[in-house]
Enquirer: 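This is the structure I want to talk about, given as structure tokens.
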There are 2 protein chains.
Amino acid sequence: MVGPRYRQIAEDLRDQIELGTLAPGDQLGTELELQERYNASRNTVRDAVKWLIIRGLVETRPGQGTFVRPEIVPFVTTLTGDPQAGRDGPIYLSEVAASRRTPMGSHPRVEVRRADAWLAEALRAGADTTVVTRHQRRFIDGTPWSLQTSYYPMNLVERGAVGLIQASDLEEGTVEYLRQKLGISQVGYRDTVTVRPPDNAEADFFRLPDDGRVAVIETRRTGFGADGAPFRVTVSVYPADRNTFAVNVGVVPGEFADPPAASTGPAVGTEADAGRV
Amino acid sequence: MVGPRYRQIAEDLRDQIELGTLAPGDQLGTELELQERYNASRNTVRDAVKWLIIRGLVETRPGQGTFVRPEIVPFVTTLTGDPQAGRDGPIYLSEVAASRRTPMGSHPRVEVRRADAWLAEALRAGADTTVVTRHQRRFIDGTPWSLQTSYYPMNLVERGAVGLIQASDLEEGTVEYLRQKLGISQVGYRDTVTVRPPDNAEADFFRLPDDGRVAVIETRRTGFGADGAPFRVTVSVYPADRNTFAVNVGVVPGEFADPPAASTGPAVGTEADAGRV
DNA sequence: AACGATTTGTTCGTATGTATC
DNA sequence: TGATACATACGAACAAATCGT
């Protein structure tokens, strides 16, 4: 009934955290102190702390101690909005700025390559399709916030949308750019939201500690043109513990209104190493 | 540059999994075998396995061994749809059945209690508001799939919607019931999607192993009436590794169409212990 | 049903490395 | 530079779950 020792210690500490006896930012006590307090070995105490880490309640800092994690104010990304507008252009910047945080995005890294199986299917194209990928890293208030990669069929470039293969921002956003250039209008899109563990590159970029609370949210947006065919796919990856997504359907009160279709915000600086990407 | 020993072992095993040398369901090898293969101590090997567990790549079964996790086909829940329809009635059942899986839901457990701070704010009510809570557990193909709790202001009952405080299913769904009974029409709703660690009850219900890959997705739906005021909040919790959410905006091709507003499906059985809840 | 072999889970002890102040 | 605190690694013993005989 009582369960293993490390679990008892962990739940006792968890109760103290939830009751507020241990406040966010407080030190849990050193491993030595916990050993003596609970009369357990160091490894058992460490197992208890690991249990708390996995549940996101505490974090350890080498050389300093173990601390109760401060509550994070998540950034809310609204998935619904005007289908005529993209998410890769000024929208993102204005949406973030509206929450009084400071957005930054790297210049896109552009590559041309063969589509994977899932991408070819998402674009309803053959397995040998060539795509343009535009990859961007985004920051809010200086902390890494999302990795975003958009995929466009190469034939859009052949039809004249040469801006897609230039490693510079399209100030209007690529969705607007494609409408102006090729007359392709995004009449709708479909997002899917999944949660998965990060790969090494993501864990590194988001500075996810190697210990536990590791999960990222992946959103995939497929944009459809007036002919009902998909013409772009955007994959965005976010750290799970700093983000919330919102969906508005029907009539919702004004304070939750979907983001504006056009930006009026000022130009926003890009990250310091933008030239490198 | 090489990093710790357990990490090297873990990444070597991960590579074998991703390359297919180790297929889903395969045994990784016993701890003793891994000790000898990598010339490391048992605890170091166990640390490597823990790293893989946290990333969802393997699972351990006491007395049996460590196995590569089979790929899970996520169930897709569409968040967009007809605001006139709820998600707690026949919609859920028909949506699941449409994917050729077998849905089951417990009868609701009904309670009347004081609203917490966040709930009072979500309902735009005073801190001392009384609410009706209707809690349901849902299963798909016999495995626990979601925990759902809906909150309604108690004054809806006083105005005549007595069905809300009865522990039986409202076959039409509560949204439709409220429209028929009180003329309250849900003209819109707002969903928020967040990821967090499970509490004990959730870990128990979803049978989340105590070891690692523990995360749940919480969706909160606030329904708004024609007057723009919220009249219900539904909180749903899902295991993160078995679920995907979809959002359709604008015109999307038919195969992704939002769920129907009304169900034509047959009556579906409830879980065995439905009488107990 | 009982037992033994196998395999993972828990707990302790100890030593050394690395980060921080 | 030293002291403190967490990270890594090894060894050992017993417990608990599983499976085949």
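Naming convention: chains lettered A, B, ... in sequence-line order (proteins, then strands); numbering from 1 in each chain.
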Enquirer: Grab the CG-P distance between B:Leu52 and C:dT8 for me, whole Å please.
Expert: 13 Å
Enquirer: Can you check whether B:Thr44 has a side-chain N or O nearer than 4.0 Å to OP1 or OP2 of D:dC10?
Expert: yes
Enquirer: Quick one: is the NZ or CZ of A:Arg61 closer than 6.0 Å to the six-membered ring centre of A:Phe67, and within 45° of its axis?
Expert: yes
Enquirer: May I ask you to check whether B:Asp12 and B:Gln8 show a side-chain donor-acceptor distance below 3.5 Å?
Expert: no
Enquirer: Please examine the side chains of B:Val45 and B:Arg42, heavy atoms only from C-beta on, and report whether any two atoms are closer than 4.5 Å.
Expert: no
Enquirer: In whole Å, what is the span from the CZ atom of A:Arg5 to the P atom of C:dT10?
Expert: 14 Å
Enquirer: Out of C:dT14, C:dT20, D:dC6, which has the shortest distance to the side chain of A:Thr30?
Expert: D:dC6
Enquirer: Rounded to whole Å, please give me the gap between CD in A:Glu36 and P in C:dC12.
Expert: 14 Å
Enquirer: Rounding to an integer number of Å, can you tell me how far A:Phe67 CZ sits from C:dT20 C1'?
Expert: 10 Å
Enquirer: Taking the minimum atom-to-atom distance to the side chain of A:Pro62, which one of D:dA7, D:dC10, C:dT10 wins?
Expert: D:dA7
Enquirer: Among the candidates D:dA7, C:dT14, C:dT10, find the nucleotide nearest to the side-chain atoms of A:Tyr6.
Expert: C:dT10
Enquirer: Report yes if a side-chain nitrogen or oxygen of B:Thr66 is closer than 4.0 Å to either non-bridging phosphate oxygen (OP1 or OP2) of C:dT8; otherwise report no.
Expert: yes
Enquirer: From CD of A:Gln35 over to P of D:dC6, roughly how many Å is that when rounded to an integer?
Expert: 10 Å
Enquirer: Does B:Asp199 pair with A:Arg14 as a salt bridge, N-O distance under 4.0 Å?
Expert: no
Enquirer: For the base of D:dA7, is there a side-chain donor-acceptor partner from A:Arg42 under 3.5 Å away?
Expert: yes
Enquirer: Closest-nucleotide mapping onto DNA chain C: is A:Gln8 or A:Arg61 further toward the 5' terminus? I mean the 5' end.
Expert: A:Gln8
Enquirer: Are B:Gln64 and D:dC19 close enough that a side-chain N or O sits under 4.0 Å from OP1 or OP2?
Expert: yes
Enquirer: From CG of B:Asn43 over to P of C:dT14, roughly how many Å is that when rounded to an integer?
Expert: 15 Å
Enquirer: Between atom CD in B:Glu31 and atom P in D:dC10, what is the gap in whole Å?
Expert: 14 Å
Enquirer: Report yes or no: is the cationic atom of B:Arg220 (NZ for Lys, CZ for Arg) under 6.0 Å from the centre of the six-membered ring of B:Trp118, at an angle within 45° of the ring normal?
Expert: yes
Enquirer: Rounded to the Å, how far apart are A:Arg46 CZ and D:dT8 P?
Expert: 7 Å
